[in-house]
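Beneath this line is the structure, given in structure tokens, with notes to follow.
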Amino acid sequence: MKYVALLAFCAGLILAAMARAQESSPSGADKYALPPVSLVPITPGGGTPIEGKSKIGEEYEKSPEHIQAGKLLFSAMNCSGCHSSGGGGMGLNLMLPTKVYGSSIENLAATIAEGRPNGMPSFRGFIPMEQIWELAAYVKTLSVNPTDK
Amino acid sequence: MMEWNKGPAWYAAVFTASLLTSWAFFSAQAQTPPTFTNTNDDKEWTMPAKNVASTRYSSLDQINSKNVKDLKVAFTFSTGTEKGAEGAPLVIGDTMYVVTPYPNILFALDLTKNGALKWRYDPKPSPAAQGEACCDVVNRGAVFTDGKIIYNTLDDYTVAVDANTGKEAWRTKMGEINKGETMTMAPLLMKDKVLVGDSGGEMGVRGWGAALDVKTGKIVWRAYNTGPDKDVLIGSDFKPFYDSEKGKDLGVSTWPADSWQHGGGSVWGWASYDPDLNLVYYGVSNPGPWNSSLRPGDNKWTAGLWARNPDTGQARWFYQYSPHDLYDYDGVNEVILLDMDWQGQPRKVLVHPDRNGYVYVMDRTTGEVLSANPFQDITSSTGVDLKTGRLQYVAAKQPKVGETVTDICPAPPGAKDWQPSAFSNKSKLLYIPHNNLCFDTKELDVGYIEGTPYVGTEVHMHAGHGGNRGEYAAWDIANGKKVWAIQENFPVWSGTVVTAGDVAFYGTMDGWFKAIDANSGDLLWQFKTGSGIIGQPVTYLGPDGKQYVAILSGVGGWSGAIVAGQIDRRDGTAALGFVNAMKDLPDVTTTGGTLYVFAIP
């Protein structure tokens, strides 16, 4: 009977996430919206690349509660299926400080929401934006405090 | 977690086990390849397993145990890829064909001009497929038939390419990457059809095998490995040997509720074909998720072997190596078809070294297990009950939710994974490249999310008894025991070939390509290639009438994912726990696919 309970638990999590994804789109969209980000530090013609800093990013990055929530989501949303405990596998190594698609919390949130071409799924619509920020906050810690797993 | 201060001499040491006694024994009841393998076409190499009985034996003997020490590089070719090169080069006429891992480019090389590039064919697979492949983005090779080279792409197309021009003849979409399906196996030729199947046992797919018409690419049949009998192509022809395979819709009733719909059971390994019995044999992967507490029941038709009519797909028999698999013991390893005397009776048999650690000898007409003997230290089971056919699990090693169970042997990649063995018509031995790995595991909650892994365990693998992670063994089939074995530091993840020159070839994950005396197991020659070797060696006669040996070098695969996928060695759970056992691999090899071809000058 234990497995049935487990299944129900997991399914419940996903359903809840989907429901929240729908709720959060019309109202409150602004607060959690992704700022524009760039993926490279070079710009032609002497311009400066978009820094992409955001208030929400700063808030989530500093919040132990959001980081802890992100950690749970990392397993529940099956990031761990592809990225293991952060070291990578089917997905990229997230314990490296320099990320291919940018290592700021804003870049990480953009990666999770939009997906990336070599097989990173786009989670936009499947995970509500506020949880995407929580995930990004947790992913950030993987390279800041890497531990053996 | 392990010491490697013993030096190369230690792990390359050959130990000889009762060489003389077993020799006398098996020559009395020697097994032979079926007559349908006698084709006198050993000049060429037209399918990865050499023939439909999958013996990987060549009658060529210009290169032999006396002169192999003089082997030198004849030519090389860079495949331009950085992922694991598990493929077998093919040789047809004066041309060699090489399929790369993703992006699955097919190269044609001119053997009259030292392997000069003739043309290339690019199937342009979707880059997103890379995120759906569990264990590196490998491809295990192509098959030649009807003037075409036929193979599978990671993004689920079977493609046929004109062998002369490199033009695409047909392409058939077989699966959906969005559902976690990819394709990595080499097609098997069955007369006018090829058998293909999907990968994705770690992605909660509903696995299948299918036959395509080689002329048109039309799907002739597709048989699912879970679900109702009509989808599994079980009908009135189905005559399994054991009672536990009998009953209606077992592909539904041996699973809780609807969980068969994401029950894995993919077809990504090897297959063989008996044209006399008109049966095709192919294995089925592990059930999903790995977390076995979520799927009580036998989980038909996973972790077992099908015998089917290749024309209709109708099942003849099924045998489940690992009922209710607990450890990711896929049943997809090679099946070698042989004829032999079994206790005084002539039998058509198949020989299969399974992930679960036993070499099975089975009657291939009926599906009866004749013997099952261990080729690695096993703690997960005590043996196979020959009356019921059932694997006898050890209760103390059963994985649990939230609690770590330690020292389970073999580990998920098994005593042997995909790396195919070879049978020598001369020595009558089976040459088995394999692993020596154990693991610790804990089951975790997991829910199915389409297109993402469906595993639910935390795994840490480590070296098995003795500390060597791999072994190359010569196996006495009739007596079910090792004649000799070469211990290797890393898992022996390459295939092997054995020849009438009494030499066997294989490669190591630190890049050595080795020639072994097929009788004694002595190392006769070795060459250090540019990267770790996980490919399949082949041998052929060149346009100049000389014998050549070819191998792809290029580390990766599940075992080499730490290097090919640049995985962080601090995360032992990565690559489904394989990283824990391979933390030193990045210290000895880098990526890069290169074809090496050798000859005696």
Side-chain angles (χ1 to χ4, degrees), chain A residues 1-18 21 72-100 111-112 114-123 125-127 142-143 145-149, chain B residues 102 126-137 154 177-178 180 182 202-204 256-257 259 289 291-296 400-402 443-456 458-460 558 561-562 565-580:
Chain A
M1 273 298 102
K2 206 167 188 180
Y3 41 88
V4 179
L6 267 180
L7 258 183
F9 165 78
C10 299
L13 249 181
I14 294 160
L15 286 178
M18 285 163 63
L72 295 177
L73 286 165
F74 196 80
S75 304
M77 292 296 130
N78 217 4
C79 314
S80 53
C82 292
H83 295 280
S84 311
S85 310
M90 297 169 63
L92 286 173
N93 182 351
L94 303 178
M95 290 163 80
L96 298 175
T98 308
K99 301 283 188 296
V100 178
T111 291
I112 300 164
E114 318 296 7
R116 295 300 177 203
N118 298 316
M120 167 68 191
S122 161
F123 283 91
F126 185 73
I127 304 181
L142 289 171
S143 57
N145 310 307
T147 50
D148 278 12
K149 288 165 177 109
Chain B
Y102 174 89
S126 162
Q130 295 173 91
E132 300 294 326
C134 80
C135 312
D136 195 12
V137 291
L154 195 67
I177 55 171
N178 241 325
T182 52
E202 283 60 49
M203 308 295 290
S259 56
N291 181 333
S292 57
S293 306
L294 292 174
R295 45 172 174 79
K400 294 183 182 63
V401 177
E443 294 189 335
L444 307 169
D445 304 342
V446 64
Y448 175 73
I449 304 176
E450 191 168 80
T452 76
Y454 189 42
V455 176
E458 187 177 281
V459 167
H460 287 90
W558 187 8
I562 181 169
Q566 294 167 305
I567 297 175
D568 206 299
R569 72 174 103 189
R570 290 169 295 193
D571 184 357
T573 69
L576 299 155
F578 219 141
V579 163
N580 199 56

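Protein chains get the first letters and strands the later ones, always in sequence-line order, with residue 1 at the start of each. Fair warning: this is a prediction, and the values are worked out from it, not measured in the lab.
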Closest-packed option against chain B by number of heavy-atom pairs under 4.5 Å, given A:G91, A:S84, A:G88:
A:S84

To the nearest 0.5 Å, tell me how far B:E132 CD sits from A:C82 SG.
7.0 Å

Do you know which of A:G89, A:S85, A:G81, A:G86 has the most heavy-atom pairs under 4.5 Å to chain B?
A:S85

Closest heavy-atom pair and its distance - A:M90, B:G131
CE-O, 3.2 Å

For each of B:S126, B:A575, B:G451, B:A133, tally heavy-atom pairs with chain A at distances under 4.5 Å, and name the one with the top tally.
B:A133

Distance check, rounded to the nearest 0.5 Å: A:K149 atom NZ versus B:N580 atom CG?
13.5 Å

Please report the interatomic distance CG(B:D568) to CG(A:D148), rounded to the nearest 0.5 Å.
9.0 Å

Nearest-0.5 Å distance that lies between atom CG in A:L142 and atom CG in B:D571
9.0 Å

Can you tell me how far the CD atom of B:Q130 sits from the CE atom of A:M120, to the nearest 0.5 Å?
14.5 Å

Could you tell me the separation between the CG atom of A:N78 and the CD atom of B:E450, rounded to the nearest 0.5 Å?
13.0 Å

Is it the case that A:N93 and B:Q566 place a side-chain donor and acceptor less than 3.5 Å from each other?
no

